[in-house]
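Remember, it's 1-based here, ligands and their atoms both numbered in the order they're listed.
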Amino acid sequence: MARIIVVGAGIIGLSVARSAALRGHDVTLLDRDDVPSRHAASFDQHRMIRPHYGAAQGYARMVVEAFPSWERLWRDLGVRHFVDSGAIAISTEPGDYADQTETVFRRLRIPYSAVTGAALEELCSHLTLPRGSRGIVAHPAGPLFADRIVTDLARLCAAKGVRILPHTSAVAVEEGGTVQTATGERLVGDLVVVSVGAWLPALAPNRYGQLPTWRQAVCYVEPPERHRVLWQSAPALVTVGNWSGYTLPPLSGTGLKFGYGGHRRHATPQAGFDWDIAEGQQVIDAFRPILRDADDYVPLRMQVGYYVMNDQRRFVIEKSGRCLFVTNCDGQMFKFGPLVGEKVLATFAGEMSPAELARWASGRQYEMRPAE
Ligand SMILES: Cc1cc2nc3c(=O)[nH]c(=O)nc-3n(C[C@H](O)[C@H](O)[C@H](O)COP(=O)(O)OP(=O)(O)OC[C@H]3O[C@@H](n4cnc5c(N)ncnc54)[C@H](O)[C@@H]3O)c2cc1C
């Protein structure tokens with residue numbers, strides 16, 4: 001039995017703690033806030049899982065790998081916090097995101113259906129799409145109910161014997177495997193996993209001080225009555241053309257949510273989590289190019305989160321001494337949480353090397369062309 005310390009209890013930290021407990025280790029999980037924290041990137045009504053990844057073949061393949069890992073979590077939790085609404089990316093011109101997705105689906109033999117013409121108009125009558133649009137629909141895909149997942153994961157970890165320390169900030173992490181806390185405790189581990197999301201530059205400024213962090217705020221909206229039923233039955237929208245908006249359907253008691261990539265801005269979590277409803281109207285306005293009856297949508301509330309993202313858009317899992325740093329989680333990592341937990345513990349057990357883990361996380365493991 002090894003001593004494993006996990007710093008940060010978002011989806012990554014909780015998933016690592018669960019996998020470590022399942023392998024019989026002595027696990028301590030600390031977070032600066034409540035566990036789970038309402039301010040973690042992992043905390044919101046839903047996060048989308050979908051195999052649509054444009055040309056990023058490695059991540060499309062990893063989504064296929066992620067689903068069995070979620071199934072193992074549902075079995076442990078005794079509840080399934082996911083609805084297979086399907087997801088649709090809509091191509092409006094050759095070479096756009098959905099078009100590249102379709103090429104990757106064909107190459108990887110990921111099942112999908114292409115919806116065009118009257119069938120697409122019927123499926124998306126709440127949207128205004130350019131003539132000739134082509135919808136790429138895949139299952140399974142849809143909303144993972146994120147806040148329910150992290151809440152139940154925390155309960156599961158506690159039941160499996162994980163020592164959970166809420167309101168315990170790490171102030172320093174040393175390569176030898178020690179974690180200093182703000183309360184003066186010194187924790188020692190055979191493995192220290194650091195999964196503090198957008199707080200990493202503050203915790204490890206020498207190593208990660210330059211990482212770009214972003215504030216993103218998504219908007220819960222009230223649709224007009226005439227489109228309500230359609231939003232409930234439509235697949236989650238990944239994107240239209242190369243425009244960066246997406247939607248999550250109002251299922252299982254959750255709200256209809258709009259997110260727009262262009263709305264994020266550089267900031268650190270120290271800037272806080274405030275929002276006002278005018279910001280919600282900005283998100284709805286960003287949807288005007290594709291939204292039928294846009295004037296009739298009402299912003300209800302925002303959810304603010306922070307993450308690390310750079311131009312490469314690849315996850316980073318780096319080993320340094322006894323520490324493993326998980327970063328660059330982007331607006332993309334939730335869907336891979338339980339799988340990352342399993343891979344980290346497989347690496348600790350020697351079933352894969354830290355270099356293989358890093359390569360897998362970067363998406364490069366599955367990027368070879370079929371001929372290679
Ligand atoms: C608005 C938004 C939309 C997104 N949409 C999607 C999506 O549709 N699909 C998807 O797959 N992903 C999505 N993501 C990305 C995904 O949510 C994140 O990549 C993922 O949740 C990151 O998890 P994490 O555990 O690394 O970090 P976090 O969830 O941020 O958790 C970090 C934890 O570390 C704690 N912490 C910080 N500093 C310290 C310290 N010094 N000591 C102790 N604890 C500390 C924090 O309190 C926090 O609880 C989205 C993210 C946002 C913000």
Can you tell whether the side chains of [X] and [Y] come within less than 4.0 Å, N to carboxylate O?
{"X": "Arg131", "Y": "Glu121", "answer": "no"}
{"X": "Glu356", "Y": "Arg359", "answer": "no"}
{"X": "Asp44", "Y": "Lys257", "answer": "yes"}
{"X": "Glu65", "Y": "Lys335", "answer": "no"}
{"X": "Glu102", "Y": "Arg134", "answer": "yes"}
{"X": "Arg226", "Y": "Asp296", "answer": "yes"}

Should the pair [X] and [Y] be assigned to parallel (<30°), tilted (30 to 60°) or perpendicular (>60°) ring geometry?
{"X": "Tyr297", "Y": "Phe258", "result": "tilted"}
{"X": "Phe273", "Y": "Tyr306", "result": "perpendicular"}
{"X": "Phe105", "Y": "Tyr112", "result": "tilted"}

Using a heavy-atom cut-off of under 4.0 Å, does the side chain or the backbone of [X] touch ligand 1, or both, or neither?
{"X": "Thr168", "answer": "backbone"}
{"X": "Trp199", "answer": "side chain"}
{"X": "Gln332", "answer": "backbone"}
{"X": "Phe43", "answer": "neither"}
{"X": "Asp330", "answer": "backbone"}

Nearest-neighbour protein heavy atom for [atom], which is reported as residue plus atom name and distance:
{"atom": "atom 25 (O) of ligand 1", "result": "Ile12 N, 3.1 Å"}
{"atom": "atom 13 (C) of ligand 1", "result": "Gly331 O, 3.1 Å"}
{"atom": "atom 27 (O) of ligand 1", "result": "Gly197 CA, 3.8 Å"}
{"atom": "atom 16 (C) of ligand 1", "result": "Phe334 N, 3.6 Å"}

(message) I'd like to know if the side chain of Asp152 reaches the main chain of Ile149, judged simply by a donor and an acceptor atom lying under 3.5 Å from each other, with no hydrogens or angles considered.
(response)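 No; judged by distance alone, with no hydrogens or angles, the pair does not exist.
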
Any nitrogen or oxygen of [X] lying under 3.5 Å from a nitrogen or oxygen in ligand 1? Just yes or no.
{"X": "Gly13", "result": "no"}
{"X": "Cys329", "result": "yes"}
{"X": "Tyr307", "result": "no"}
{"X": "Ile11", "result": "yes"}
{"X": "Ala41", "result": "yes"}
{"X": "Met333", "result": "yes"}
{"X": "Gly305", "result": "no"}
{"X": "Gln303", "result": "no"}
{"X": "Ala217", "result": "no"}

(message) Could you check whether atom CD of Glu351 has more than 12 heavy atoms from other residues, nucleotides or ligands sitting under 6.0 Å from it?
(response)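 Yes, because the 6.0 Å sphere around CD of Glu351 holds more than 12 heavy atoms from other groups.
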
(message) Does Arg47 qualify as a cation-pi partner of Phe43, given the criterion of NZ or CZ under 6.0 Å from the six-membered ring centre and within 45 degrees of its axis?
(response) no

(request) With Arg80 as the cation and Phe82 as the aromatic partner, state whether NZ or CZ is under 6.0 Å from the six-membered ring centre and within 45° of the axis. (result) no

For [atom], the option (of [options]) bearing the nearest heavy atom:
{"atom": "atom 23 (O) of ligand 1", "options": "Gly10, Ser37, Ser42", "value": "Ser42"}
{"atom": "atom 8 (O) of ligand 1", "options": "Arg32, Met48, His46", "value": "Met48"}
{"atom": "atom 11 (O) of ligand 1", "options": "His263, Arg215, Lys335, Arg47", "value": "Lys335"}
{"atom": "atom 34 (O) of ligand 1", "options": "Gly8, Gly337, Ala170", "value": "Gly8"}
{"atom": "atom 47 (O) of ligand 1", "options": "Asp31, Asp34, Val326", "value": "Asp31"}

(message) Would you compute the distance between atom CD of Glu222 and atom CH2 of Trp231 and round it to the nearest 0.5 angstrom?
(response)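 It is 13.0 Å, given to the nearest 0.5 Å.
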
(request) Rounded to the nearest 0.5 Å, what's the gap from CG on Leu29 to CZ on Arg18? Could you check? (result)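 Output value for this atom pair is 14.0 Å.
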
Take every heavy atom of [X], measure it against each atom of ligand 1, and state whether any distance is under 4.0 Å.
{"X": "Val171", "answer": "no"}
{"X": "Ser169", "answer": "yes"}
{"X": "Phe336", "answer": "no"}

(request) May I ask you to list the atoms of ligand 1 that are less than 4.0 angstrom from any heavy atom of Val7? (result)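 Numbered from 1, ligand 1 contributes 42 (N), 43 (C).
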
(request) Provide the number and element of each atom of ligand 1 under 4.0 Å from a heavy atom of Gln216. (result) 1 (C)

(message) Quick check: do Arg50 and Tyr246 have side-chain heavy atoms less than 4.5 Å from each other?
(response)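 They are not in contact (no side-chain heavy atoms under 4.5 Å apart), so the answer is no.
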
